[in-house]
Amino acid sequence: MKRRDTRSRYVIIWLAAMLSTGLAGWLLRGPVSTALAGWGVAHVCARLGLLCFLLASALLVGGAVWWAVAHHLRRGVKYALRHWQLCRSIERALLEAGYGVPIGEQYYRLPCVKIRFDDCTFTAGLVEVQNHIKSDSSLAAVNLSSALGMYVVDAQYISDDNNYYCYEISDSRIDRQLQFDSYAALADYARKHTDKYGPYTLFCDARNEGIKIRSLLLVGITGSGKSYALMGLIAQLRNWPIAPIVYYADPKGSDIAVLGGSLAPERTADDIGGIIDLLRQFYDCMMRRKEEMQVKLSGRLGSDFTDFQLPAYIFLMDEYAAFQASISRDKKRRDEVEELMRSIVLMGRQLGFFVWIAMQKSDSGDIPTAIRDNLPLKICLGNAPATTLLTIFGRSADLPSRHWNKGQGLIFCDGITAAPRPVSFPTLAFDIFAELTQHDNLQSEGVNPEPP
Ligand SMILES: Nc1ncnc2c1ncn2[C@@H]1O[C@H](COP(=O)(O)OP(=O)(O)OP(=O)(O)O)[C@@H](O)[C@H]1O
Ligand SMILES: [Mg+2]
């Protein structure tokens with residue numbers, strides 16, 4: 001038997017009542033009044049007919065008002081229609097998938113569905129489906145995308161009070177990946193971005209922006225765009241109002257080592273010994289900053305380096321797994337590096353010291369879990385296997401799955417995203433290496449001033 005929503009019963013009753021009173025009104029005022037013309041009762045019939053008309057109109061207006069309120073007509077006709085359409089398809093899908101509490105044989109009481117679009121362009125929004133003790137675990141695993149038409153689920157999580165399952169949705173036809181055709185365009189965008197969100201913020205795409213700097217774990221299979229993404233981020237850093245100090249470590253000796261060698265050779269290393277020396281140097285700077293901040297922090301508890309306009313320090317390491325593999329044979333070195341890294345990750349946030357680690361997979365053999373799990377910003381590029389997703393995000397089942405192109409993947413950022421959601425890094429349609437190095441030569445005071 002076809003499943004039906006209990007509310008459809010009320011709609012049928014409302015429709016039937018409205019049509020029958022309308023019909024009765026027409027009959028009483030039309031044919032019946034004509035047939036009884038000349039009789040005194042004709043007058044009564046006409047009045048009764050008017051009453052029926054009024055009743056039908058009241059039902060019609062009541063229904064229209066209910067619809068307008070339920071679908072937020074005050075935000076515009078287009079908004080209301082889109083809302084109604086989406087509500088209907090989600091409810092139909094929930095019904096077909098067997099959600100809802102059975103009332104009798106055919107009728108089911110569906111969970112309440114709330115939809116909110118971010119703006120009137122309807123490119124993104126939030127769908128909330130009411131939780132019920134019966135559907136609790138099954139709603140967690142539901143794939144809502146199939147019911148959303150052109151929308152796809154970007155992230156799903158349960159609300160703080162556990163009463164609603166929340167699905168962040170976005171229009172799949174809209175490409176949020178930014179493209180810059182020149183360095184000037186990127187610089188202009190980056191400056192406007194820091195003006196809007198603050199001097200220590202980064203962006204990835206049109207949706208993931210205003211991300212305050214923090215330590216980063218960037219994972220992705222070979223060729224997924226990790227080094228490219230790092231170069232895009234370096235270009236952003238160059239346009240920060242307070243220039244950060246970047247250290248470049250690249251055991252593979254490729255893009256990042258070459259770029260660092262040209263931007264800041266004294267803070268670039270591509271051999272294991274050199275990288276460990278750089279790390280010690282970075283740690284010492286952090287300790288100096290700690291002393292400096294201790295004085296400043298007295299009386300201003302809870303402040304961080306941004307409150308004193310101090311520059312951020314970033315230790316950028318590409319191909320961390322290669323580095324880990326080389327140090328793992330020497331226990332003393334391995335322990336020292338692990339200790340340094342852990343201290344930086346744990347203490348660095350307030351002091352303004354961050355590590356950005358790029359690697360192909362993040363198993364515990366490739367990076368110590370104590371470091372990996374404490375990196376607050378996690379990005380996985382490309383079509384990573386479930387085991388990699390599990391090590392980064394702690395889950396793999398309910399993550400949005402797409403065919404990711406170069407520079408696209410998932411982001412999870414403590415305090416910004418409620419659950420991992422899609423991200424893309426800008427496409428740089430110009431010679432990034434030439435532009436970065438050339439720009440550095442033009443500016444005596446570039447992104448990498450000498451560390452104090
Ligand atoms: N956001 C992007 N937009 C357009 N093309 C990109 C993007 N990211 C990466 N690519 C393309 O993919 C190529 C490979 O990227 P990249 O060298 O960054 O990969 P990788 O993840 O660092 O690989 P490996 O692990 O082997 O070092 C780049 O040379 C570039 O052509
Ligand atoms: Mg690379």
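One is the number of the first residue; the rest follow in order along the sequence. Just so you know, ligand 1 is whichever comes first in the structure, and atom 1 is the first atom listed for that ligand.
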Exercise. For residues Pro426 and Tyr189, determine if any side-chain heavy atom of one lies less than 4.5 Å from a side-chain heavy atom of the other.
Key: no

Exercise. List the closest protein heavy-atom neighbour of atom 17 (O) of ligand 1: residue, atom name, distance to the nearest 0.1 Å.
Key: Asp255 OD2, 4.0 Å

Quiz prompt | Check ion pair Lys212-Asp304 (N to O, under 4.0 angstrom) | solution = yes

Self-check item: Salt-bridge contact Arg288-Glu291 (side-chain N to carboxylate O under 4.0 Å)
Solution: no

Practice problem: State plainly whether the residues Glu338 and Lys331 are in salt-bridge range, i.e. N to O under 4.0 Å. | Solution: no

Quiz item: What protein heavy atom sits nearest atom 25 (O) of ligand 1, and how far off is it?
Solution: Lys226 NZ, 2.7 Å

Practice problem: Just need the protein heavy atom nearest to atom 3 (N) of ligand 1, so name the residue and atom and give the distance. | Solution: Thr427 OG1, 2.9 Å

Self-check item: Closest approach of any protein heavy atom to atom 23 (O) of ligand 1, naming residue and atom
Solution: Gly223 N, 2.8 Å

Quiz item: Is there side-chain contact between Leu233 and Phe425, with at least one heavy-atom pair below 4.5 Å?
Solution: yes

Practice problem: Please verify whether a non-hydrogen atom of Ser224 lies at under 4.0 Å from ligand 1. | Solution: yes

Quiz item: If you measure from the Lys or Arg side-chain nitrogens to the Asp or Glu carboxylate oxygens, is any gap between Asp277 and Arg280 under 4.0 Å?
Solution: yes

Practice problem: Take every heavy atom of Lys252, measure it against each atom of ligand 1, and state whether any distance is under 4.0 Å. | Solution: yes

Quiz item: Counting only heavy atoms on the protein side, is anything nearer than 4.0 Å to atom 29 (O) of ligand 1?
Solution: no

Quiz item: Quick one: do the Gln177 and Gln408 side chains pair a donor with an acceptor below 3.5 Å?
Solution: yes

Exercise. With the side chain counted from C-beta on, respond yes when Leu259 and Phe433 share a heavy-atom pair under 4.5 Å apart, and no when they do not.
Key: yes

Practice problem: Give a yes/no answer: is there an N/O/S atom of Thr222 under 2.8 Å from the Mg ion (ligand 2)? | Solution: no

Practice problem: Run through Arg109, Arg7, Lys114 and flag the one making a salt bridge (Lys or Arg N to Asp or Glu O under 4.0 Å) with Glu91. | Solution: Arg7

Quiz item: Are Glu319 and ligand 1 in contact, using a heavy-atom cut-off of under 4.0 Å?
Solution: yes

Quiz item: Has ligand 1 got any nitrogen or oxygen that is less than 3.5 angstrom from a nitrogen or oxygen of Gly225?
Solution: yes

Quiz item: So which heavy atom in the protein is nearest atom 26 (O) of ligand 1, and how far is it from that ligand atom?
Solution: Thr222 OG1, 2.6 Å

Quiz prompt | Proximal atoms of ligand 1 relative to Lys406 (non-hydrogen, under 4.0 Å) | solution = 1 (N), 2 (C), 6 (C), 7 (C), 9 (C), 10 (N), 11 (C), 12 (O)

Quiz item: Which of the atoms of ligand 1 are close to Phe425, meaning less than 4.0 Å from one of its heavy atoms?
Solution: 1 (N)

Practice problem: Report the part of Gln408 in contact with ligand 1, treating N, CA, C, O as backbone and CB onward as side chain, heavy atoms under 4.0 Å; options are side chain, backbone, both, neither. | Solution: neither

Quiz item: Is the shortest heavy-atom distance from the side chain of Leu263 to the side chain of Arg238 under 4.5 Å?
Solution: yes

Self-check item: Taking atom 22 (O) of ligand 1 as the reference point, the nearest protein heavy atom with its distance
Solution: Ser227 OG, 2.8 Å

Quiz item: Can you tell me the protein heavy atom closest to atom 8 (N) of ligand 1 and the distance?
Solution: Tyr228 CD2, 3.2 Å

Quiz item: Applying a strict 4.0 Å limit to heavy atoms, is Pro426 in contact with ligand 1?
Solution: yes

Quiz item: Got a salt bridge between Asp330 and Lys332, using NZ or NE/NH1/NH2 to carboxylate O under 4.0 Å?
Solution: no

